[in-house]
Each structure stands twice: as C-alpha cells, then as structure tokens.
Chemist: 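If you scroll down you'll find the structure; I have some questions about it.
Scope of the values below: all heavy atoms of this structure, side chains included, with no hydrogens, waters or symmetry mates.
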Amino acid sequence: WRAIMAILAAAAASPLIVRAAPGYDPWTWLLWGREVASGTLSTADGPAFKPLPVAVCALLAPLGSAAPIVWVVLVRAAALAALVLAFRLGRDLDHPRRGQTPSRVGRGLLAGGLAAVGVALAGGLALEAARGGEAPLVIAGALGAIACWRAGRLRAALALGVACALLRVEAWPFLAAAGLAAWRRDPGVRAPLAALAVLVPAAWFVPEWLGSGDVLRSGARARIPNPGQPALAEVPALASLWAAAKLLLVPLWIGVVLALRGPRARALAAAGGAWVALVAVMAQAGFSGEPRYALPGVALLAVAGAAGLARAAAAPA
C-alpha cells in the first residue's frame, strides 16, 4: 500500500513538471466517455474504439474540465506501477526470495534494476505516459498479470488479462491461452471464462455497432496508417519488426539471448517476442504496425533481457 500511495502521489505531481495534455486518441476517448455518460455515443469519426478507456472516461465525465488531467495522471500512475512491477519480476524471475544466498540476492537486485531501467527507457513509453496513451496501462496490466499468475492468484491474473484485452486486441491470444490453462487448474473459473469469451468481443463490437452502425469500423480505421508507419513500407512485417527492435536497449537484446538458458526468463522472452511478431503479422495484413503497439512485448523482452544480463554478470569467471 505504501508503494501504491507513493506511485499515486508521484503521478499526481507529474503535471507540475510535464503538462497533462492528452493526445489525439485519449481526447477522443474522453469525448466518447462524456457521450456515454449522457446516454449517447457516435463513433463514426475518430480512432479505433477501445472499451476500457472509454468506460473509465465515462466515469470521469462528471469531473468536467478536470477529467483530462485525471485521465493522464492515471496513465502516468500505470507507467510508474509498470516500473515497480518490472523491478519485482526481474528480481524474482529465476529464484524465490526465501532462502537466497547473498550473491543471489545481489543478482536479483541487479536484474530488477536493469528491468526497471529497460522498461523506462523503452522507446516511446515516456511519450505515451505523458500524453495519456494506452501502452502504459497494457504494460502494467501484463506485468501484474504475470506476477499474479506466478503467485498462484489465477483469478487476479485473469482479471488483469481481461483489462489488457479491453485495451489492445493483441492481448486476446494471450488471454485465451491463460484462460485455457486456468480452465484446467480451477473449475471455479469455468463459468466466468465462458462469459468472458462472449463479453470481451462484445465490448469491442457492440459499441461500434451502436455508435457508427458498422461493427468493423475500428478495424477499417486501424488500416489507415499515419505517414511513415510500417504498413506503408515495401514489406510491412519486416519494417514493424525493425521498428520494434529499435525500442529496446541494445545490451538488453544481448541479455535476451542469454536469458534463453533459463526456463522462466525464456518463457517471458517468448511471450514478448510473440507479441512483437503478432504486431508485425497484423502490419503485413494492413494494420499500421506502429512501434507503440509493440511496446508491451518489448517490455517483457526488457525484463527477460535484464535477467539474462544479471545471470551472466553473476557467473563465475
């Protein structure tokens, strides 16, 4: 709770340093949220619809002119939480905290510190946090879901996974895989999982149907890339992969290779790589493939790479 209060205090103070000015997408979510709060919704124009931001912005609508500031502060709080979660996951990735030798404790602290720095310096994350984009929310949700899963808190992990799936469609395959694993482990979650299999897609498509009359409008809008994006390259998939590769610090790429020797770090690196690859495949299919879409996967690669570098640094000469 102390960490949560510190994160919220730092995020609340951040507008004193960097002005809380939402970007294009967040402004549209705020406008749609205000419409939803008043009982109307028109999504015919604007970016792709995202259920969770619009729902939160609808709750913020009564705040009036303060709603944009509060939204940006919430996103910045998520960015700070992502750094804390990256530190904890990097620290605990290879070994449990109990019974560690001093050398392993030092190795864990090094891995945690490198993970937090790697996520913080992932290209574009600071800008997304400053402008109120969804990437910090997805990263915090994904890292939190992994931490809960490793702690055996399957339901909390699934709840955070659902939050990610209501922010980015790239999270759907990962949520489906986690849902199948949870289905086998915990019979008590089977009914909620069956409901979520219907509710998550409905949260994306039904508002578009009501707001624009076209359930696929968001998908069509996402196929109109901004100038200079990977979708406009000769081979969009390769351009998307290269753009994502440049988001991660070079030493951490070395750490990713080294991390392949550890099972937990290897699984994390595989998940991060799969997210980046999915963004590239979607770019090849006509979606924009913007680097910011790959940020959640890059964050997972950063944590895995930090664990790999810490392992190499602690290895005997």
Chemist: Could you give me the CA-CA distance, side-chain angles and deciding distance for R150 and D92, then say whether salt bridge (charged side-chain N to carboxylate O under 4.0 Å, His left out) is met?
Modeler: CA-CA 10 Å; R150 295 184 68 241; D92 302 337; 5.4 Å; no
Chemist: Measuring only between side-chain heavy atoms, which start at C-beta, is R217 closer than 4.5 Å to T43?
Modeler: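 When only atoms from C-beta onward are counted, T43 and R217 do touch, with a gap below 4.5 Å.
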Chemist: For residues 269-289, run the donor-acceptor check on the side chains, cut-off 3.5 Å, and write out each pair with its distance to 0.1 Å, sequence neighbours left out.
Modeler:
residue	atom	partner	partner atom	Å
W275	NE1	Y293	O	2.9
Q284	OE1	A237	N	2.9

Chemist: Could you tell me whether R190 atom CZ has more than 12 heavy atoms of other residues or ligands within 6.0 Å of it?
Modeler: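 Yes, CZ of R190 has more than 12 neighbouring heavy atoms, counting only those of other groups under 6.0 Å.
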Chemist: Looking at L93 and A307, what are the two nearest heavy atoms and their distance?
Modeler: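 What the structure gives for the nearest pair is CD2-CB, 3.5 Å.
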Chemist: Determine whether V75 and V119 fall in the same hydrophobic cluster, where Ile, Leu, Val, Met, Phe, Trp and Tyr are linked whenever their side-chain heavy atoms lie under 4.5 Å apart.
Modeler: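 No, because V75 and V119 fall into different hydrophobic clusters, even though each may have its own neighbours under 4.5 Å.
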Chemist: Please determine which of C57, P47, P68 meets the side-chain contact (heavy atoms from CB on, under 4.5 Å) test together with W27.
Modeler: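 When C57, P47, P68 are each tested with W27, the side-chain contact (heavy atoms from CB on, under 4.5 Å) holds only for P68.
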Chemist: Rounded to the nearest 0.5 Å, how far does CH2 of W183 lie from CG of L154?
Modeler: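 If we round to the nearest 0.5 Å, L154:CG and W183:CH2 are 14.5 Å apart.
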Chemist: Does A245 offer a backbone N or O that forms a donor-acceptor pair with the side chain of W253 under 3.5 Å?
Modeler: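 Such a contact is found between W253 side chain and A245 backbone.
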Chemist: Please walk me through it: do D25 and R292 pass salt bridge (charged side-chain N to carboxylate O under 4.0 Å, His left out)?
Modeler: CA-CA 13 Å; D25 286 15; R292 63 190 176 96; 3.7 Å; yes
Chemist: Can you tell if the side chain of W172 reaches within under 4.5 Å of the side chain of V169, non-hydrogen atoms only?
Modeler: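 They are in contact (side-chain heavy atoms under 4.5 Å apart), so the answer is yes.
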Chemist: At what distance, to the nearest 0.5 angstrom, does CG of L160 lie from CZ of R155?
Modeler: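 If I round to the nearest 0.5 Å, the distance is 14.5 Å.
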Chemist: Do the side chain of R266 and the main chain of L260 share a donor and acceptor less than 3.5 angstrom apart?
Modeler: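 Yes, R266 side chain to L260 backbone: donor-acceptor pair under 3.5 Å.
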Chemist: With no hydrogens and no angle check, is any side-chain donor or acceptor of W204 less than 3.5 Å from a backbone partner on A165?
Modeler: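 At least one qualifying donor-acceptor pair exists.
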Chemist: State plainly whether one hydrophobic cluster holds both L137 and V73, where clusters connect Ile, Leu, Val, Met, Phe, Trp and Tyr through side-chain heavy atoms under 4.5 angstrom apart.
Modeler: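 Shared cluster, no.
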Chemist: State the CG-CG distance between L175 and L158, to the nearest 0.5 angstrom.
Modeler: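 L175 atom CG to L158 atom CG measures 7.0 Å (nearest 0.5 Å).
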Chemist: Return the set of residues passing side chain to side chain donor-acceptor pair (under 3.5 Å) with R34 (not counting sequence neighbours), or none when no residue passes.
Modeler: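 Side chain to side chain donor-acceptor pair (under 3.5 Å) check on R34 returns nothing, list empty.
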Chemist: Transitively linked via ILVMFWY side-chain contacts under 4.5 Å: V18 with L125?
Modeler: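 No; L125 is not reachable from V18 via cluster members.
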Chemist: Can you check side chain to side chain contact (heavy atoms under 4.5 Å, CB included) on I146 and W149, steps first, answer last?
Modeler: CA-CA 5 Å; I146 293 169; W149 189 275; 5.6 Å; no
Chemist: Kindly work out whether a path of hydrophobic side-chain contacts (I/L/V/M/F/W/Y, heavy atoms less than 4.5 Å apart) joins L127 to L83.
Modeler: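 L127 does not cluster with L83.
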Chemist: Using 0.5 Å steps for rounding, measure from the CG atom of D214 to the CZ atom of F205.
Modeler: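 Going from the CG atom of D214 to the CZ atom of F205 covers 11.0 Å.
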Chemist: Do V257 and L249 sit in the same hydrophobic cluster, where Ile, Leu, Val, Met, Phe, Trp and Tyr count as joined when their side-chain heavy atoms come under 4.5 Å apart?
Modeler: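 The answer is no; the residues belong to distinct hydrophobic clusters.
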Chemist: Is it true that a side-chain atom of S38 and a backbone atom of E35 form a donor plus acceptor pair closer than 3.5 Å?
Modeler: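 Here the side-chain-to-backbone pair exists.
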Chemist: State which residues pass ring pair (Phe, Tyr, Trp, His ring centres under 6.0 Å) with F49; sequence neighbours excluded, sorted by chain then number.
Modeler: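 Scan of F49 (ring pair (Phe, Tyr, Trp, His ring centres under 6.0 Å), adjacent residues dropped) gives W32.
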Chemist: Give every residue pair that meets the side chain to side chain donor-acceptor pair (under 3.5 Å) criterion with at least one member in residues 70-79, sequence neighbours excluded.
Modeler: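 Checked against side chain to side chain donor-acceptor pair (under 3.5 Å) - neighbours excluded - the pairs reaching residues 70-79 are S14-R76.
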Chemist: Rounded to the nearest 0.5 Å, what separates atom CG in L252 from atom CG in L121?
Modeler: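 Reported to 0.5 Å precision, the distance equals 9.0 Å.
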Chemist: May I ask you to test the P207-V54 pair for a side-chain heavy-atom distance under 4.5 Å?
Modeler: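 No - every pair of side-chain heavy atoms lies 4.5 Å or more apart.
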Chemist: Could you tell me which non-hydrogen atom of P51 sits nearest to which non-hydrogen atom of A203, and how far apart they are?
Modeler: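 It is CG-O, 3.3 Å.
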Chemist: Check the pair L167 / K50 against side chain to side chain contact (heavy atoms under 4.5 Å, CB included), numbers first and verdict last.
Modeler: CA-CA 6 Å; L167 286 160; K50 291 182 174 60; 5.5 Å; no
Chemist: Quick one: does V72's side chain get under 4.5 Å of P26's, heavy atoms only?
Modeler: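 SC-SC contact between V72 and P26 ruled out.
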Chemist: So, taking the atom named CG in L85 and the one named CG in L80, what distance separates them when rounded to the nearest 0.5 Å?
Modeler: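 L85 CG to L80 CG: 11.0 Å, rounded to 0.5 Å.
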Chemist: How close do I139 and P296 get, counting heavy atoms only, and between which atoms?
Modeler: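 Closest approach of I139 to P296, heavy atoms only: CG1-CA, 3.7 Å.
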Chemist: Ignoring hydrogens, what is the shortest heavy-atom contact between E128 and L295? Give both atom names and the distance.
Modeler: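 In this case the closest contact between E128 and L295 is CG-CD1, 4.2 Å.
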Chemist: Taking Y24's backbone N and O only, do any of them form a donor-acceptor pair with T28's side chain (distance below 3.5 Å, no angle check)?
Modeler: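 Checking the backbone N and O of Y24 against the side chain of T28, a donor-acceptor pair under 3.5 Å is found.
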Chemist: Check whether more than 12 heavy atoms from other residues, nucleotides or ligands sit under 6.0 Å from atom CG of N226, and answer yes or no.
Modeler: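 Yes, CG of N226 has more than 12 neighbouring heavy atoms, counting only those of other groups under 6.0 Å.
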Chemist: Test of understanding: with side chain to side chain donor-acceptor pair (under 3.5 Å), list the residues that count as partners of Q229, not counting sequence neighbours.
Modeler: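 With neighbours one apart ignored, the set is empty.
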Chemist: Considering all heavy atoms of both residues, which atom of L52 and which atom of A163 are nearest to each other, and what is their separation?
Modeler: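 Result for this residue pair: CD2-O, 3.7 Å.
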Chemist: State which residues pass side chain to side chain donor-acceptor pair (under 3.5 Å) with S218; sequence neighbours excluded, sorted by chain then number.
Modeler: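 E208.
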Chemist: Heavy-atom distance under 4.5 Å between the side chains of L300 and L143, does that happen here?
Modeler: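 Heavy-atom side-chain distance check passes, below 4.5 Å.
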Chemist: Work out which heavy atom in A11 is nearest to a heavy atom in P15; give both atom names and the distance.
Modeler: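 Taking every non-hydrogen atom into account, O-CD, 3.4 Å.
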